[in-house]
Trainee: 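Below you'll find the structure I mean.
FYI, the numbering just counts along the sequence from 1.
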Amino acid sequence: MNIILASKSPRRKELLERLGLDFEIVVSDVDENIEENQPENYAEELAFRKAMAVMDQMIEQDREKDYLVIGADTIVVSQEQILGKPKTKEEAVAMITMLQGNSHFVFTGVSVGVYKKQTKRIMQTSFVEGTQVTIFPMSPEEIQAYVDTGDCMDKAGAYGIQGVFGKYVEMIHGDYNNVVGLPIGRLNQVLKGLAKL
């Protein structure tokens, strides 16, 4: 079985390695602008699109192999707003200003597709994991200092919990790895179920 992670995130790569899987990375080029206001649906739909785009690419290259493709998308939701990756430092400051002193949710949509050469069919399953994160109050100076590190720019909600921003996290309800970008505990259970098919 050829296992593929449809993500360029180094954090997801590191997390998936913890499952002891031998996999390769193939990045999808799907359009991430979708019209969906429900956060869980948004994350799940993007994960599905990423996984299926890479699956199509793999099958087109070689139909005589078995594939398992994992797609994922993580979003931050605060005050009913979906926060993606900031495009500018000013946008990052605005996002963290919204998050500081409050609780927000992190949703990761995960989509797993399996292609069997014997049947020439794709089986697909998806799920969404949610984690509540509470951030300590932060001063404007602390926010600016963090943004100036540049750590915020490639992350949903403008922060990475596993880096220096971790010192501002007051509380987590749920899966820590989900906030990093991939709920590997739940994913492992899904993969174990698929292995029996």
Side-chain angles (χ1 to χ4, degrees), residues 1-77 82-87 106-131 153-157 160-162 175-197:
M1 179 71 72
N2 296 273
I3 302 173
I4 296 144
L5 174 62
S7 173
K8 64 182 178 184
S9 164
R11 296 166 295 280
R12 288 199 186 108
K13 175 180 179 288
E14 184 183 317
L15 286 168
L16 195 57
E17 284 170 348
R18 293 185 197 170
L19 296 184
L21 301 175
D22 183 18
F23 64 94
E24 63 177 302
I25 291 172
V26 178
V27 181
S28 71
D29 57 355
V30 296
D31 182 8
E32 296 196 12
N33 295 312
I34 62 172
E35 290 185 22
E36 176 57 69
N37 297 323
Q38 200 60 30
E40 296 95 326
N41 295 345
Y42 182 95
E44 188 172 356
E45 175 66 21
L46 273 181
F48 172 78
R49 288 189 187 190
K50 289 176 181 180
M52 290 305 103
V54 170
M55 180 68 83
D56 289 345
Q57 191 179 327
M58 293 295 98
I59 294 171
E60 197 173 304
Q61 286 176 14
D62 190 347
R63 289 179 173 272
E64 298 309 312
K65 289 182 179 177
D66 292 334
Y67 297 105
L68 187 150
V69 180
I70 301 166
D73 190 78
T74 302
I75 59 169
V76 171
V77 180
I82 296 173
L83 305 182
K85 298 172 184 176
K87 295 181 178 66
V106 178
F107 294 104
T108 298
V110 179
S111 183
V112 181
V114 176
Y115 171 80
K116 293 286 184 74
K117 63 185 178 186
Q118 192 173 1
T119 61
K120 300 288 190 284
R121 289 187 175 179
I122 298 172
M123 293 180 291
Q124 187 277 330
T125 185
S126 299
F127 67 88
V128 179
E129 188 71 26
T131 304
M153 295 311 293
D154 65 337
K155 298 173 180 72
I161 197 169
Q162 70 281 8
D175 183 355
Y176 169 84
N177 291 321
N178 184 54
V179 184
V180 179
L182 195 63
I184 55 173
R186 189 165 172 192
L187 174 59
N188 188 49
Q189 296 302 308
V190 168
L191 295 178
K192 281 165 61 177
L194 288 171
K196 295 172 185 173
L197 297 177

Trainee: Distance check, rounded to the nearest 0.5 Å: Ser28 atom OG versus Met52 atom CE?
Mentor: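 One finds 11.0 Å between OG of Ser28 and CE of Met52.
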Trainee: Starting at CG of Leu19, measure out to CG of Leu191 and round the result to the nearest 0.5 Å.
Mentor: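 Leu19 atom CG to Leu191 atom CG measures 7.0 Å (nearest 0.5 Å).
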Trainee: Show, in sequence, the C-alpha distance, side-chain angles and deciding distance for Leu83 and Val77, and conclude whether the side chain to side chain contact (heavy atoms under 4.5 Å, CB included) test is met.
Mentor: CA-CA 6 Å; Leu83 305 182; Val77 180; over 6 Å; no
Trainee: For residues 117-128, which residue pairs pass the salt bridge (charged side-chain N to carboxylate O under 4.0 Å, His left out) check, not counting sequence neighbours?
Mentor: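 Found Glu64-Lys120.
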Trainee: Considering the options Ile70, Leu5, Ile4, which one meets the side-chain contact (heavy atoms from CB on, under 4.5 Å) requirement together with Phe23?
Mentor: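 With Phe23 as partner, side-chain contact (heavy atoms from CB on, under 4.5 Å) holds for just one option, Leu5.
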Trainee: Considering only heavy atoms from C-beta outward, does the side chain of Ile75 approach that of Val106 to under 4.5 Å?
Mentor: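 Ile75 vs Val106: side chains apart.
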Trainee: Look up atom CZ in Arg186 and atom CG in Asn177, then write down how far apart they are to the nearest 0.5 Å.
Mentor: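 Here the interatomic distance stands at 14.0 Å.
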Trainee: Is the shortest side-chain heavy-atom distance between Val112 and Val110 below 4.5 Å?
Mentor: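 Yes, side chains in contact.
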Trainee: Would you compute the distance between atom CE of Met123 and atom CG of Leu68 and round it to the nearest 0.5 angstrom?
Mentor: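 Spacing of CE (Met123) from CG (Leu68) equals 9.0 Å.
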Trainee: Is Arg12 reaching over with its side chain to a backbone N or O of Gly181, donor-acceptor style, under 3.5 angstrom?
Mentor: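 Pair found, side chain donor or acceptor close to backbone of Gly181.
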Trainee: Report the residues that fulfil salt bridge (charged side-chain N to carboxylate O under 4.0 Å, His left out) with Arg18, sequence neighbours left out, ordered by chain and then residue number.
Mentor: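 With sequence neighbours excluded, Arg18 shows a salt bridge (charged side-chain N to carboxylate O under 4.0 Å, His left out) to Glu14, given in chain and number order.
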Trainee: Is there a side-chain contact between Ile59 and Ile122, using heavy atoms and a 4.5 Å cut-off?
Mentor: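 With C-beta onward as the side chain, the pair touches.
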Trainee: Check whether any side-chain heavy atom of Arg11 sits under 4.5 Å from a side-chain heavy atom of Asp154, and report yes or no.
Mentor: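 Touching, per the 4.5 Å side-chain cut-off.
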Trainee: Quick one: are Val180 and Ile161 in side-chain contact, heavy atoms under 4.5 Å?
Mentor: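 Yes, at least one pair of side-chain atoms sits under 4.5 Å.
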Trainee: Please report the C-alpha distance between Tyr115 and Arg63 in whole Å, then the side-chain angles of each, then the deciding distance to 0.1 Å, and finally whether the side chain to side chain contact (heavy atoms under 4.5 Å, CB included) criterion is met.
Mentor: CA-CA 9 Å; Tyr115 171 80; Arg63 289 179 173 272; 3.8 Å; yes
Trainee: List the atom of Ala43, the atom of Thr108, and the distance in Å for their closest heavy-atom pair.
Mentor: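 That closest heavy-atom pairing would be CB-C, 4.4 Å.
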Trainee: I need the full list of side chain to side chain donor-acceptor pair (under 3.5 Å) pairs touching residues 39-55, with sequence neighbours left out, sorted by first then second residue.
Mentor: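 Checked against side chain to side chain donor-acceptor pair (under 3.5 Å) - neighbours excluded - the pairs reaching residues 39-55 are Glu45-Arg49, Lys50-Asp73.
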Trainee: Could you check whether any side-chain heavy atom of Asn2 comes within less than 4.5 Å of a side-chain heavy atom of Met58, counting everything from C-beta outward?
Mentor: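 No - every pair of side-chain heavy atoms lies 4.5 Å or more apart.
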Trainee: Verify the neighbour count for atom CD of Gln61: are there more than 12 heavy atoms of other residues, nucleotides or ligands below 6.0 Å?
Mentor: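 Count over threshold, so yes.
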Trainee: Supply the atom-to-atom distance Phe107 CZ to Thr74 OG1, rounded to the nearest 0.5 angstrom.
Mentor: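 So the gap between those two atoms works out to 11.5 Å.
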Trainee: Spell out, as yes or no, whether a donor-acceptor pair under 3.5 Å connects the side chain of Asn178 to the backbone of Glu129.
Mentor: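 Yes, the answer is positive, given that a donor and an acceptor are paired below the 3.5 Å cut-off.
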Trainee: Under 4.5 Å between any side-chain heavy atoms of Ser111 and Phe127, yes or no?
Mentor: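 Ser111 vs Phe127: side chains apart.
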Trainee: Is there side-chain contact between Met1 and Lys116, with at least one heavy-atom pair below 4.5 Å?
Mentor: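 Sidechains of Lys116 and Met1: in contact.
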Trainee: About how many Å separate CG of Asp22 and CD1 of Ile3, when rounded to the nearest 0.5 Å?
Mentor: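 Ile3 atom CD1 to Asp22 atom CG measures 7.0 Å (nearest 0.5 Å).
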Trainee: Kindly give the heavy-atom pair with the smallest separation between Ala51 and Val69, and that separation in Å.
Mentor: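 Heavy atoms of Ala51 and Val69 come nearest at O-CG1, 3.5 Å.
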